Structure formats: structure tokens, C-alpha cells
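Remarks on the structure that follows.
Values in this document were obtained by computation on a predicted structure and should not be read as measured data. As a basis for the values below, the full set of heavy atoms in this structure was taken, side chains included, without hydrogen atoms, waters or symmetry mates. In what follows, chains are A, B, ... by sequence order, proteins preceding strands, each numbered from 1.
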Amino acid sequence: EPEVTQTPSHQVTQMGQEVILRCVPISNHLYFYWYRQILGQKVEFLVSFYNNEISEKSEIFDDQFSVERPDGSNFTLKIRSTKLEDSAMYFCASSDQQETQYFGPGTRLLVL
Amino acid sequence: EDQVTQSPEALRLQEGESSSLNCSYTVSGLRGLFWYRQDPGKGPEFLFTLYSAGEEKEKERLKATLTKKESFLHITAPKPEDSATYLCAVQAYTGFQKLVFGTGTRLLVSP
């Protein structure tokens, strides 16, 4: 069964450093998303991406965040200058023309 | 603002003891309501999508129902492997496709 994959599974970084989180969505899906989940809190929407552009973003997704689909299979989230409060699980999701979003296993980001 | 409230926060059941989880929502035009299962340290795993009041979906020991204000996830004769956090999320017509999640119900099923 097709699934969303994410790398790395864990990332530790120093405050102020840049990180890139990578995702491979399900191959025939057209819509891509990033969500995050701070420990013990709800899953929060960050951004959606369709047709090579951002279609919607939340207030959390400020100028330090960016997304890119560098090739036909990868979808990345870049955090330019990490802060302590960026520590969270980051989930990538994808969907086709239907609404159901399928999530990856997540990247646990720890900012020290 | 779209909101999802789930109750109870935590639920402990004995194996075979049926129960229901609640998801109350307010949304500016419901496109869909989604149930996911999340195991510790893992990503949400899709269970059901419901689109309109009166709709029901079933999968093994789980059954999801939808009204105009809430959804229920009924668990019949649960097993220990059903232990997980169950997440409810809504998608509105006004948002492009974003999901708004509740905080989840942590279910523990004891043998």
C-alpha cells in the first residue's frame, strides 16, 4: 500500500541553525501539506501546497518557514533560523482530488 | 473560527467493554469530518471520512457517525490493540484543504 515517507525521523539542531525536513508524498497525489504537533498538544496545520505554489498557510508559517517541491517526488519544509519553540513533531501529508489526507510517520525536531 | 472539541480526554476500558468517543465541532460549512488513529510517536493513521449528517462508516470494531454538531466513534468489544489516541478533524469549505484537529481521546484497553 502506498505511503508517505519522511526523513530524517529525528533531527537535533542548535538554535539559529537551518533545518530541512524531507517528505516523499504518495506518488499520484497532487496536494501536499505540513503539520506540526508540539508534545502533548494538538496537530496544527502549517501550510498546503498545490500546483507548485502555496495554497494556504497558517499564522505559524511565518517568514522563517518555506516549502519547496524540488523534483517530481520530494516535498521539503525549511526552517531558516530555528527557535526553541520550533521543537515539535512535523508531519507531512498528501491527498489526491479527494479530501482524505494521508500522513507520514513524522520528523521529531529538537532545537537546543 | 473552526473548532473541534473531543471528549473524554482519556478513557480506560476493559477488553470487550464497548464505549463511544465524542467529537463536537463548529465549522463554517463542513466539507468533511475525519477520524484518525495515532499511536505514540507516530503519524495519524486514517480511519474514516464522513461528509453529511446521518452518514455512518464501519471498520472492524469501529463505527463512526455524524450529526450536524458532533460525531461519535463507537468501539464495540475493544481489544488491547485498539489502545491509541483517536483524533477528530474537520475540513471547511472556506479553507483550501486544511484540517482542524481536536486534542484527541487517549484510549487504553486493558486485557
Please walk me through it: do H74(B) and S20(B) pass side chain to side chain donor-acceptor pair (under 3.5 Å)?
CA-CA 4 Å; H74(B) 307 279; S20(B) 297; 2.7 Å; yes

Heavy-atom pairs under 4.5 Å with chain B - which of G106(A), C92(A), S55(A) has more of them than the others?
S55(A)

Mind ranking R108(A), E44(A), Q37(A), M89(A) by heavy-atom pairs under 4.5 Å with chain B and telling me who comes out on top?
Q37(A)

Is a side-chain donor or acceptor of R37(B) paired with a backbone partner of S83(B) at a separation under 3.5 angstrom?
yes

Tell me whether L112(A) at atom CG has more than 12 heavy atoms from other residues, nucleotides or ligands lying less than 6.0 Å away.
yes

Under the side-chain contact (heavy atoms from CB on, under 4.5 Å) rule, collect the residues that match up with E85(A), sequence neighbours excluded.
K83(A)

Residue part contacting chain A, namely of Q38(B), when any heavy atom lies under 4.5 Å
side chain

Can you say whether T103(B) sits under 4.5 Å from chain A via the side chain, the backbone, both, or neither, judging by heavy atoms?
both

